[in-house]
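See below for the structure under consideration.
Chain identifiers are assigned alphabetically (A, B, ...) following the order of the sequence lines, protein sequences preceding nucleic acid strands; residue numbering begins at 1 within each chain.
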Protein chains: 2
Amino acid sequence: MPTSNIIDLHGLKKACSNCSLHDLCIPMGVSDQELDALERIINRRRPLQRGEYLYRPGDRMQALYAVRAGSVKTSSISDDGLEQVTGFHLPGELLGLDAISDGIHPCTARALETTSVCEIPYDRLEDLAGQVPGLQRQLFRIMSREIQFDEHLMTLLGKKSSEARLAAFLLSLSKRFGERGFSRQEFNLTMSRNDIANYLGLAVETVSRLFTRFQQLGLLEVNRKLVQLIDMEGMHQMAGAHGPETLEKGGRGG
Amino acid sequence: MPTSNIIDLHGLKKACSNCSLHDLCIPMGVSDQELDALERIINRRRPLQRGEYLYRPGDRMQALYAVRAGSVKTSSISDDGLEQVTGFHLPGELLGLDAISDGIHPCTARALETTSVCEIPYDRLEDLAGQVPGLQRQLFRIMSREIQFDEHLMTLLGKKSSEARLAAFLLSLSKRFGERGFSRQEFNLTMSRNDIANYLGLAVETVSRLFTRFQQLGLLEVNRKLVQLIDMEGMHQMAGAHGPETLEKGGRGG
DNA sequence: CGGTCACTTGAGGACATTCAATGACCGTGG
DNA sequence: CCACGGTCATTGAATGTCCTCAAGTGACCG
């Protein structure tokens, strides 16, 4: 029977089998027997408080991390010394994939709220992937999905309309929350307006104005951190828009 | 003994061992014995002519492709039906990584010039990676590097300055050409101005104006497709710039 | 209750886009 | 060989979006 270094911390029997994120996280597509082996190498860490670092640029990459609860922001420092937010990570998502190539973390990972993560020692994961084809395949898939997501994001940043960016961002959050069993319509923005703006390549003021504008248009209700999406259809149209000639000129669907 | 379907096309003994891209492409970090196994699964394809498709969105992903000579553009169609260029791929670079997760190509790959590629059947590659730890590790590294590159690109698109984007783009090309044994200072832009603009999230006219501006500033010489980088130092400064207050106002190095 | 911080709102300006026209290059066909 | 039409690239002028700067409001905390 498996050694139980992962267990006592939170009184859970298994790290993965019982996890509600089972079908989002690494285990997806891995058979039950294979899952045992994976569970044996996963460590749990004490929850991180808001603002605590999971890793920083230059840190040796010793493990990947799966968000279990809470949310994490990753960011890096560009040449000019300014922060650039590269992603927000919700439960079931894997962090640290960009560090595999050099063995050094190129970016910062910081908890946006009280957050718990599973720690997966990378060398052991690599070994295991060599023995368990299903796991190897799943890892390739996860990394591929990440690449696909980034390409999608590039498309978003390439579009110049600020409305499309924020709308797409909110819809992305909505979808991901939904997949995790939370409400698609109503959720909390755990990141600051500043972070959102930075991530989307906009100014804070623009983001703020867009929220009010969206509210006036009846697309959503926003109160501080809480967002309620009202008109999903309209939101999707907004996210599809690319040019300046798209707002309130009457919908030319595109 | 290995079937030799890869050989006769161009009279080469081996697909990888003799390849000048040996230390850029997959084989890097894979031992000589292991290399044999890899070579055995690689197919060569007849060269693609300019404009020919390597794959299109919706195509089943059956293989990854390594560019051997020439260059390839990848792009996808966004919601609004407009093309979005997601990358330019030079010799030694791998295509199709974004298709692994779904088994379907999400984007288009099209030759920018006469181009030859190595075809690597994915199911066989996956099998082989399970048997050859060095290969598995290398594949993880390659995908990780791709993710890192995309993050860097996001940072670029987040910066609003158009100069920084074009400068960074040219420097990226320069670096990659240099790594492949070509000149770092002088190279051909195989893609159209339109493609560059699309890739960088700018208008064609802006790119055109920037080329003339850079030329006036003595940063480069450009003639049609041919680019000569003159002042690399200045180019780097330009690429590091982020705000509007960076050009010809005297360098506040940042 | 006063302080700090994050967010919101307003006014002005800069950069990039859009529209429009000219110019260079290429293949075709006379 | 030269004329022709097409595509691609460049250049100019005007509009617009988003940014910057600045002030104001509200929440949270000691």
*Rounded to the nearest Å, what distance is computed from the CG atom of residue B:N198 to the C1' atom of nucleotide D:dA9?*
16 Å
*In whole angstroms, how far is the C1' atom of D:dT11 from the CZ atom of B:R213?*
14 Å
*Report yes if the side chains of A:L189 and A:F211 come closer than 4.5 Å at any heavy-atom pair, otherwise no.*
yes
Could you tabulate the donor-acceptor pairs under 3.5 Å formed by side-chain atoms of residues 172-183 of chain A, not counting sequence neighbours?
| from | atom 1 | to | atom 2 | distance (Å) |
| --- | --- | --- | --- | --- |
| A:S172 | OG | A:R176 | NH1 | 3.4 |
| A:S174 | OG | A:R184 | O | 2.8 |
| A:R176 | NE | A:E93 | OE2 | 3.0 |
| A:R176 | NH2 | A:F88 | O | 2.6 |
| A:R176 | NH2 | A:E93 | OE1 | 3.1 |
| A:R176 | NH2 | A:E93 | OE2 | 3.4 |
| A:R180 | NE | A:P91 | O | 2.3 |
| A:R180 | NH1 | A:R176 | O | 2.7 |
| A:R180 | NH2 | A:P91 | O | 3.4 |
| A:R180 | NH2 | A:E93 | OE2 | 3.1 |
| A:S183 | OG | A:Q185 | N | 3.0 |
| A:S183 | OG | A:E186 | N | 3.0 |

*Qualifying side-chain hydrogen bond (donor to acceptor under 3.5 Å, both in side chains) pairs with a residue from residues 50-61 of chain B, counting only residues at least two apart or across chains*: B:R46-B:E52
*Measure from CG on B:N223 to C1' on D:dA9 and round the result to the nearest Å.*
12 Å
*Atom CZ of A:R50 and atom P of D:dC29: how far apart are they, to the nearest Å?*
10 Å
_Residues forming a side chain to side chain donor-acceptor pair (under 3.5 Å) with A:S71, sequence neighbours excluded_ = A:E113, A:T190
*Quick one: B:E163 CD to C:dT17 P, roughly how many Å, whole number?*
12 Å
*Can you check whether B:T74's main-chain N or O pairs, donor with acceptor, with B:T86's side chain at less than 3.5 Å?*
yes
*For residues 147-168 of chain B, pull every pair meeting ring pair (Phe, Tyr, Trp, His ring centres under 6.0 Å), keeping only residues two or more places apart or in separate chains.*
none
Could you go through nucleotides 5-9 of chain C and list every protein N or O atom that sits under 3.5 Å from one of its N or O atoms, giving the distance for each pair?
| from | atom 1 | to | atom 2 | distance (Å) |
| --- | --- | --- | --- | --- |
| C:dC7 | OP1 | A:R193 | N | 3.1 |
| C:dC7 | OP1 | A:K225 | NZ | 3.3 |
| C:dT8 | OP1 | A:R193 | NH2 | 3.0 |
| C:dT8 | OP2 | A:R193 | NE | 3.0 |
| C:dT8 | OP2 | A:S208 | OG | 2.8 |
| C:dT8 | O5' | A:S208 | OG | 2.9 |
| C:dT9 | OP2 | A:T212 | OG1 | 3.4 |

*With B:E83, which residues qualify under salt bridge (charged side-chain N to carboxylate O under 4.0 Å, His left out), at least two apart?*
B:K73
*Just grab all the salt bridge (Lys or Arg N to Asp or Glu O under 4.0 Å) pairs involving residues 216-230 of chain B, residues at least two apart or on different chains.*
none
*Taking atom C1' of C:dC15 as reference, at what distance in whole Å does atom CG of B:L210 sit?*
11 Å
*Rounding to a whole Å, what distance do you find between A:L200:CG and D:dT17:P?*
19 Å
*Using whole Å, report how far CD of B:Q215 lies from C1' of D:dT11.*
14 Å
*To 10°, what angle do the rotation axes through the five end pairs on each side of the helix from C:dC1-D:dG30 to C:dG30-D:dC1 form?*
30°
*Residues in side chain to side chain donor-acceptor pair (under 3.5 Å) with B:Q62, at least two apart?*
none
